[in-house]
Structures are given as structure tokens and as C-alpha cells.
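Here's the structure we're looking at; comments come further down.
Quick note on labels: first sequence line is chain A, next is B, and so on, each numbered from 1.
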2 protein chains.
Amino acid sequence: MRKLYHHWLCPFSRKIRLCLYEKKLDFSLVFEPLWEMRPEFLRLNPENKTPVLIDLNGTTIVSNYGATEYIEETYPELPLFPESPAARAEVRRLLSWFDEKMATEVTLPLVHEKTIKRYMEGSRGPDSAALRNAKQAIHHHLDYMAWLIDRRRWLSGEVFSIVDLTAAAHLSSLDYLGDVPWENHEIVRDWYACLKSRPSFRALLSDRLPGIPPAPHYSQLDF
Amino acid sequence: MRKLYHHWLCPFSRKIRLCLYEKKLDFSLVFEPLWEMRPEFLRLNPENKTPVLIDLNGTTIVSNYGATEYIEETYPELPLFPESPAARAEVRRLLSWFDEKMATEVTLPLVHEKTIKRYMEGSRGPDSAALRNAKQAIHHHLDYMAWLIDRRRWLSGEVFSIVDLTAAAHLSSLDYLGDVPWENHEIVRDWYACLKSRPSFRALLSDRLPGIPPAPHYSQLDF
């Protein structure tokens, strides 16, 4: 069985889970308590980050970037990337946008301040300036998503792609924490409702972090 | 002619320049003054970042990630990625290491504080804490590179790859600024001397930033 080392609200782990489900590839989840710096995990990934995927033949795939490309290259059936070079370039531009820009400005600060910090020894409470900045920045990202959806059927073009899964993975982590201001962003809410009802999303919606319950609407398909 | 929008010490632009040279693909450089937020450039990349590549047929490729994968997919001759899935995964793990971890901890803070800030209106001088942290962190990265080179012929394995070009692109930006402590890192110095003498490196070594001369040894092949 494949193994995916993950962390519950890590948006990159969630994205890789969605990709594996969409491609109907079996795997088991292994929760990695990153703050423990486990030597066994550091041997797999000296950067001490999730996700890490162990494939059937034992190949170890480290990093969001590595896993994203590996899954598509190794399991090309049920493709999550389009075919033409221009469309693939647009997909990767947007993967950069969500996995680097949105991750740095919104997802990682909110997940870190509200969840990871609780487990770290000697850490203080959430940094209110970091929370405030992230909660402001999310509007910019939701507006950009609405702009894209308004002009295309899906985020990266006319065809559903890994970009939709990636953006939805980020929003799902934020939605668990109740941090997506849906009331002002209806276009994105409708798109997300559509993503949420895909079978690949089911397992994500049943996730529960010990001690941190999800926002009440988190797993409701109709909000 | 292909066009590459770049910034002189942007490590990602340098990496893409090296890839294009290694693959013998002609291109012209367009310097992008990012602090001007030019509407024409924002239409190409709303994230206002280099590199942006315009290919012969007009395809626009945005972001380091997008350009890295596009060049290899579209021009597979003179490959910069190995063939096996496991070796490709190792290449991408290390690209993540250098382009995300080393970029965030070392290259981007030093380049930003020492060069970009000069051009930004109303900005204060370099932040000394940011400089100090980056100058400490570089030792960790040079040690990791030495550990890899000690066990393999090149950074990602027995075959020269895009990882060597990427790590060298970062070091070349830092070396321009005189910020690589070579005296304590001989293994990496020997590896870098080897990279520096490749024909693809020549153009990088003749770069000169207006008002900021390079460190005296920057373009010397034997240090």
C-alpha cells in the first residue's frame, strides 16, 4: 500500500490526497507530528515538511512540487494536467500562485498561528498581526479566483485541472478554521460547493483535528 | 527570437538563463524594473515577478516552476532532468530545497536588502537583522551541498542536472554581492569552479548591475 505522510491542515498534503483520490490510487495516511522532529521522518525528508509519499515500489517522493509532478508523470491516466504546452504553462503559473503566494500570504500563517503553534513547546499564543494580515489578504485571492472563474469554466481554463484541486485544498484548510469570508464571495462559493461534492473530497470533509473542531458548515455540501 | 524578462540578481531568472544556454536555445534578455509595476508586465504576470519567458510561437510562460518544467518538456534534447521516476523525484526535492528553502532563508533576503531596496521609493537602508540571519543560514546550505557532493558525483546523483544549475544560480547571485564564505567551504568551492567554467555561465559572469560592482573574484574562473 502507498503511504502518505501528512499533516491535517497542511494544504499541500490535502492537495496530494485529492490527486491520489482523483486518480483512484490507494494509499494510507500517516500523520506526522512535525514539531517532534522525528529522526525517522527527517531521514525521509531533511526539510521536515509534509507531504512525503512512499509509492508501491518504495520510491520516496518528497515535497509538494515533487509529488505533484511525480503523480502525473507516473500515473497519466485520468489526467489532472491539460495536454498543450501553453495550457500546462498556465496550470503551473497558477499552481505557483496558490502554493507559493496564497500559501505564504494566507494559508500557512493562519494554519500555523491557529493550530501548529498549540503543539510547539514554549510557544506563545497566536500573533494577532499575522492573523489580521492573512485575513485581509484572503479577499484579494478570492477576488482573483472569481475573476478567473468568470472568464473560464474552471480556474485554469475550459477543463477541470489540478489547479482546481489545489485552490480547493487551500480553501478547505481555511474553511475548517472558519476563515473563508464566503458571504462576500459568491462566485467562489458556488465553485467550491461544486468541488466539495466530488467523491475525492469526502475524506477531507470527515477530518477532525484533536481539540480543534471544524467550523459548523465545514462538511455541509450546501453550506 | 525568444524573450526572457529577468532581473539581474534574481536567482530564478539566472537559472532559466542557464537552462536556455545549456539547451542551446537563443533568447534575448529584457530587464524588468519590478519596482515600477509596469502595466505591460503586470498583464504578462499579475504577480509582478521574474522570470517570464516568451517562446518563439508567442506562448507566455510565467514563474520559475512553469519555466523550469516547460523548457524540459518542450525541448527535451540535451536533457537537464534524469529519466527514472525516482531520480526525477530526487531532482524536484532538491529544486524545492534550493528554490524555496535556500531562496527564502538566504538568496532573496540578501538580494532584496542589498539591491532591490535601493530602487524602491521611500525605502530605508538594509535591515541588519535580515542580513545577519541570511549570512548565518548560508553555512547550513553550503554544508548540505558539501554533504551531497561528498556522496554523489553531482548534487542530485551521478549525472549533471538542473539541480547543479539551480544551486549555482543562487550562489552566483550571492557571490556577486561577496556573500559566499568560500574559505570555509572548499568542497562546494571546487564544485562551483567547475560550474563557473561551463560556457552557459559566461554571460552571467559578465553581468554588471548599474551602481553595484561585483565582488573582485566574481568572474575569475580560478577564484
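- Note: A/E90 CD to B/T59 OG1 = 11.5 Å, rounded to the nearest 0.5 Å.
- Within 6.0 Å of atom CE in A/M1, more than 12 heavy atoms from other residues, nucleotides or ligands are found, so the atom counts as buried in its surroundings.
- Few gaps surround NZ on A/K117; more than 12 heavy atoms of other groups in view lie less than 6.0 Å from it.
- Contacts with chain A were tallied for B/L95, B/T74, B/V91; B/L95 has the most, counting heavy-atom pairs under 4.5 Å.
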request  = Begin from the C-alpha positions of A/F81 and B/E69 and carry the test side-chain contact (heavy atoms from CB on, under 4.5 Å) through to its verdict.
outcome  = CA-CA 13 Å; A/F81 279 66; B/E69 295 287 332; over 6 Å; no
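- Environment of CD in A/E183: crowded, with over 12 heavy atoms of neighbouring residues, nucleotides or ligands closer than 6.0 Å.
- With rounding to the nearest 0.5 angstrom, the OG1 atom of A/T104 is 8.5 Å from the CD atom of B/E100.
- Counting heavy-atom neighbours within 6.0 Å of B/E158 CD, excluding the residue itself, gives a total above 12.
- Within a 6.0 Å sphere centred on NZ of B/K49, other residues, nucleotides and ligands contribute 12 heavy atoms or fewer.
- The distance from atom CG of A/N45 to atom CH2 of B/W97, rounded to the nearest 0.5 Å, is 8.0 Å.
- Atom CG of residue A/D99 and atom OG of residue B/S63 lie 11.0 Å apart, to the nearest 0.5 angstrom.
- Both the backbone and the side chain of A/E47 come within contact range of chain B, each with at least one heavy atom under 4.5 Å from a heavy atom of that chain.
- Within the 4.5 angstrom heavy-atom criterion, only side-chain atoms of A/T68, from C-beta onward, approach chain B.
- Around CZ of A/R153, the count of heavy atoms belonging to other residues, nucleotides or ligands within 6.0 Å does not exceed 12.
- Dense packing is recorded around NZ of B/K101, with more than 12 heavy atoms of other residues, nucleotides or ligands lying under 6.0 Å away.
- For the pair B/P46 and A/R93, the tightest heavy-atom approach, listed with the atom from each and the gap, is CG-NH1, 3.7 Å.
- The residue among B/N57, B/D55, B/V62 with the most heavy atom pairs within less than 4.5 Å of chain A is B/V62.
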